[in-house]
Undergrad: 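Take this structure, written in structure tokens, and hold onto it; I'll ask about it next.
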There are 2 protein chains.
Amino acid sequence: MTTSKVYIETFWQIHRMIEEAGLQPGDRLPSERELAERLQVGRSSVREALRALELLGLIETRRGEGTFMKPFGEHQLIQLLGSFILQGNREKRDLVETKLLIERTCLQLACERMTEEKLEHIAQAEHTYHLFFRRIVEATDNYLLLRIWLVLNDFFEHVYTIDVPSKFYDEMSQALQKKCCVETMAVYERYVMQNMSKDK
Amino acid sequence: MTTSKVYIETFWQIHRMIEEAGLQPGDRLPSERELAERLQVGRSSVREALRALELLGLIETRRGEGTFMKPFGEHQLIQLLGSFILQGNREKRDLVETKLLIERTCLQLACERMTEEKLEHIAQAEHTYHLFFRRIVEATDNYLLLRIWLVLNDFFEHVYTIDVPSKFYDEMSQALQKKCCVETMAVYERYVMQNMSKDK
DNA sequence: AGAAGTTAAGTGGTCAGACCAGTTGTTGAC
DNA sequence: GTCAACAACTGGTCTGACCACTTAACTTCT
């Protein structure tokens with residue numbers, strides 16, 4: 001039990017180090033050799049820990065330069081996960097259903113919290129489903145929900161294509177303007193829910 | 001561009017190897033030394049690739065035994081990410097709200113899809129919020145939704161405690177038995193929604 | 001023959017040292 | 001001042017060694 005793995009331990013120590021130093025995106029971490037010496041572990045263990053941080057999208061390593069904090073958000077790990085997860089039909093079915101449920105939840109929330117400013121922002125959005133709906137989710141003021149949606153949408157776009165007529169954007173904007181939850185749901189169902197089963 | 005990193009390359013080769021061999025959860029992978037020789041790379045590169053697979057929750061390594069395929073689902077990856085992300089109050093507020101929304105969504109879905117069998121399973125559940133609600137989410141038959149909820153709940157329990165009276169479990173079971181969506185929501189709001197703002 | 005203890009082989013975990021391949025900053029010649 | 005050469009970093013990779021642990025085969029004893 002005492003023998004916790006070194007690279008795990010190192011992972012957390014580096015994590016703490018980052019927090020305590022308050023490192024921001026773009027900042028440079030100590031070199032692998034220095035970390036190894038400072039933490040009194042082998043360089044290979046440091047590297048395995050850094051590999052984990054890299055996979056999580058928290059750091060970026062550049063040969064010859066060093067290791068740097070990475071702005072959060074670029075989640076290549078999501079694509080990775082997706083390529084493993086989305087294999088069976090069961091998983092795809094769940095994905096579609098979940099995306100649908102989340103989007104309806106977001107719509108309701110966005111309706112409640114709509115403001116003139118946000119509405120304008122949405123109306124100005126490009127007429128692609130991704131960008132338009134993203135603005136809607138942003139209008140929920142819930143960043144976590146946005147992140148969940150981004151991930152789902154990311155997976156989704158790997159498997160399906162969603163095409164809605166241009167009318168959708170107008171009608172949805174109007175419904176949101178009225179802050180009418182029922183109407184937004186109606187628009188959503190009319191244009192989106194039928195559309196979701198087209199294979200790419 | 002030609003010099004793609006070996007451990008990345010190795011990662012994908014092992015991935016392909018797993019797919020082609022059709023390895024199932026519990027199956028054993030070749031040893032690190034054998035992989036290194038077969039792929040003509042150093043063992044350290046193999047290990048860095050395996051670290052990535054491990055972080056993604058796809059494999060599990062047991063000292064002295066070997067490396068094994070892992071049943072999908074327990075990817076502590078998300079928990080790791082959470083410990084990095086959930087730091088500010090803004091994030092906590094979003095977490096509570098999102099958990100709430102997801103749970104309501106799950107309740108509705110569970111209501112629609114309730115069966116005698118599932119109901120019995122739920123009724124027999126231990127009377128802790130985590131275990132009880134997990135059964136409910138399982139009743140949605142949507143594994144992705146379950147995974148999202150597990151993650152949210154996991155984060156949540158790091159920050160808050162939720163205590164519901166024993167009556168909650170009975171009343172919720174009854175409401176689900178009636179497949180009455182409105183009633184389940186009422187029970188949920190009565191016992192859970194007020195409860196969510198207690199700091200740990 | 002069967003049970004218990006011992007041994008050897010194999011596996012992941014870790015380290016140290018070497019070398020390669022890039023980047024950066026300095027130095028020095030023009 | 002410019003620019004080329006160099007030295008001193010950095011991450012990337014490989015090798016070989018050793019440790020800790022598991023398993024299975026092999027004794028040995030009853």
Side-chain angles (χ1 to χ4, degrees), chain A residues 1-15 17-18 21 23 25-71 74 76-77 80, chain B residues 1-15 17-18 21 23 25-71 74-76 80:
Chain A
M1 196 73 272
T2 119
T3 55
S4 145
K5 294 174 186 174
V6 172
Y7 65 86
I8 303 281
E9 204 59 40
T10 304
F11 172 88
W12 287 112
Q13 285 195 285
I14 297 177
H15 176 201
M17 187 180 294
I18 290 173
L23 293 189
D27 290 351
R28 200 178 139 218
L29 274 70
S31 76
E32 296 180 352
R33 290 170 177 85
E34 186 180 338
L35 282 172
E37 190 175 9
R38 207 192 291 183
L39 302 176
Q40 287 294 294
V41 298
R43 196 180 148 214
S44 50
S45 293
V46 169
R47 280 185 61 79
E48 293 190 19
L50 288 178
R51 237 21 80 233
L53 289 165
E54 189 178 21
L55 191 68
L56 288 173
L58 295 160
I59 62 170
E60 178 184 16
T61 58
R62 295 202 285 270
R63 188 203 218 108
E65 295 183 62
T67 306
F68 301 85
M69 293 297 295
K70 199 171 161 185
E74 295 308 318
Q76 75 289 5
L77 97 151
L80 276 183
Chain B
M1 195 75 270
T2 117
T3 55
S4 147
K5 296 174 185 172
V6 173
Y7 65 85
I8 301 283
E9 204 59 40
T10 304
F11 172 87
W12 287 112
Q13 284 194 284
I14 296 178
H15 179 200
M17 187 179 295
I18 289 173
L23 293 189
D27 290 350
R28 200 177 141 218
L29 273 70
S31 76
E32 296 180 352
R33 289 168 176 87
E34 186 180 339
L35 282 172
E37 189 175 9
R38 206 192 291 185
L39 301 177
Q40 287 293 294
V41 298
R43 186 156 80 112
S44 51
S45 293
V46 169
R47 280 186 60 81
E48 292 190 20
L50 288 177
R51 245 9 88 234
L53 288 165
E54 189 178 22
L55 189 67
L56 289 174
L58 295 160
I59 62 170
E60 178 185 14
T61 58
R62 297 203 283 271
R63 188 202 215 104
E65 295 182 62
T67 306
F68 301 84
M69 293 298 294
K70 197 171 162 187
E74 294 306 318
H75 43 56
Q76 72 293 12
L80 281 182

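What's counted below: heavy atoms across the whole structure, side chains too, no hydrogens, waters or symmetry copies. All values reported here derive from a predicted model rather than from experimental measurement.
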Undergrad: Would A:Leu58 and A:Ile18 count as a side-chain contact (heavy atoms from CB on, under 4.5 Å) if you check the C-alpha gap in whole Å, the side-chain angles of each, and the deciding distance to 0.1 Å?
TA: CA-CA 10 Å; A:Leu58 295 160; A:Ile18 290 173; over 6 Å; no

Undergrad: Take B:Val41 and B:Glu9 through the test side-chain contact (heavy atoms from CB on, under 4.5 Å) and record every step on the way to the result.
TA: CA-CA 10 Å; B:Val41 298; B:Glu9 204 59 40; over 6 Å; no

Undergrad: Let me see the working for A:Thr61 and A:Arg51 under side-chain contact (heavy atoms from CB on, under 4.5 Å), right down to the final yes or no.
TA: CA-CA 9 Å; A:Thr61 58; A:Arg51 237 21 80 233; 4.3 Å; yes

Undergrad: Rounded to the nearest 0.5 Å, what separation is found between the CZ atom of B:Arg38 and the CD1 atom of B:Ile14?
TA: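 Nearest 0.5 Å value for the CZ-CD1 distance: 10.0 Å.
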
Undergrad: How close or far is atom P of C:dG22 from atom CZ of A:Phe68, stated in whole angstroms?
TA: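 Atom-to-atom, A:Phe68 to C:dG22, this comes out as 17 Å.
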
Undergrad: At their closest point, which heavy atom of B:Glu37 faces which heavy atom of B:Gln40, and how far apart are they?
TA: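 Closest approach of B:Glu37 to B:Gln40: O-NE2, 3.0 Å.
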
Undergrad: Distance check, rounded to the nearest 0.5 Å: A:Arg43 atom CZ versus A:Thr10 atom OG1?
TA: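 The distance works out to 14.0 Å.
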
Undergrad: For A:Gly64 and A:Tyr7, take the nucleotide of DNA chain C holding the closest heavy atom to each; which residue's nucleotide lies nearer the 5' end?
TA: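 On the 5' side of the pair lies A:Tyr7.
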
Undergrad: Quick one: which of A:Glu54, A:Arg47, A:Glu48 gives a side-chain hydrogen bond (donor to acceptor under 3.5 Å, both in side chains) with B:Tyr7?
TA: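 Looking at A:Glu54, A:Arg47, A:Glu48, the match for B:Tyr7 under the side-chain hydrogen bond (donor to acceptor under 3.5 Å, both in side chains) is A:Glu54.
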
Undergrad: Figure out the CD/P separation between A:Glu60 and C:dT23, and round it to whole Å.
TA: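 These atoms are roughly 13 Å apart.
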
Undergrad: Starting from C1' on D:dG11, measure out to NZ on B:Lys5 and report it in whole angstrom.
TA: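 Checked: the NZ to C1' distance equals 8 Å.
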
Undergrad: CZ of A:Arg62 versus C1' of C:dG22: gap in Å, rounded?
TA: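 Computing the A:Arg62:CZ to C:dG22:C1' distance gives 13 Å.
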
Undergrad: If I take atom CD in residue B:Glu48 and atom P in nucleotide D:dG12, what distance separates them, rounded to the nearest angstrom?
TA: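 In whole Å, D:dG12 P and B:Glu48 CD are 8 Å from each other.
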
Undergrad: Out of C:dT11, D:dT23, D:dT13, which nucleotide sits closest to the side chain of B:Glu65?
TA: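 Among C:dT11, D:dT23, D:dT13, the one nearest the side chain of B:Glu65 is D:dT23.
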
Undergrad: What is the distance from CD of A:Glu32 to P of D:dC14, rounded to the nearest Å?
TA: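 Answer to the nearest Å: 15 Å.
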
Undergrad: Roughly what angle, to 10°, lies between the helix axis at the start of the helix from C:dA1-D:dT30 to C:dC30-D:dG1 and the one at its end, five pairs per end?
TA: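 Comparing the first five pairs with the last five, the axes sit 20° apart.
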
Undergrad: To the nearest 0.5 Å, tell me how far A:Glu32 CD sits from A:Ser44 OG.
TA: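 OG of A:Ser44 is found 10.0 Å from CD of A:Glu32.
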
Undergrad: Give the rounded distance in Å between these two atoms: CZ of B:Arg28 and C1' of C:dG10.
TA: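 After rounding, the gap between these two atoms is 8 Å.
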
Undergrad: Report each atom pair, protein N/O against N/O of nucleotides 15-18 of chain C, whose distance is under 3.5 angstrom.
TA:
from: C:dC15; atom 1: OP2; to: A:Gly42; atom 2: N; distance (Å): 2.9
from: C:dC15; atom 1: OP2; to: A:Ser45; atom 2: OG; distance (Å): 2.6
from: C:dC15; atom 1: O5'; to: A:Gly42; atom 2: N; distance (Å): 3.3

Undergrad: OP1 or OP2 of D:dT10 versus the side-chain N and O atoms of A:Ser31: is any pair under 4.0 Å?
TA: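 The answer is yes; a side-chain N or O of A:Ser31 sits under 4.0 Å from OP1 or OP2.
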
Undergrad: Can you identify which nucleotide, out of C:dG12, D:dG12, C:dG13, has its nearest atom closest to the B:Arg51 side chain?
TA: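 Nearest to the side-chain atoms of B:Arg51, counting from C-beta on, is C:dG13.
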
Undergrad: Within this structure, what is the CG-NZ distance for the pair A:Leu53 and A:Lys70, rounded to the nearest 0.5 Å?
TA: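 Rounded to the nearest 0.5 Å, the CG-NZ separation comes to 12.0 Å.
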
Undergrad: For B:Ile8 and for A:Glu34, locate the closest nucleotide of DNA chain D by heavy-atom distance; then report the residue assigned to the nucleotide nearer the 5' terminus.
TA: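 By nearest-heavy-atom nucleotide position, the 5'-most residue is A:Glu34.
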
Undergrad: Round to the nearest Å and state the distance from A:Leu35 atom CG to D:dG11 atom P.
TA: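 For the pair A:Leu35 CG and D:dG11 P, the rounded distance is 8 Å.
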
Undergrad: What is the distance from atom CD1 of B:Ile59 to atom OG1 of B:Thr67, rounded to the nearest 0.5 Å?
TA: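 Going from CD1 on B:Ile59 over to OG1 on B:Thr67, the span is 5.5 Å.
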
Undergrad: Which nucleotide, C:dG12, C:dT11, D:dG11, lies nearest any side-chain atom of A:Thr67?
TA: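 Nearest nucleotide to the side chain: D:dG11.
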
Undergrad: With a non-hydrogen cut-off below 4.0 angstrom, is B:Arg47 in contact with a base, only sugar-phosphate, or nothing?
TA: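 Base contact - B:Arg47 has a heavy atom under 4.0 Å of at least one base atom.
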
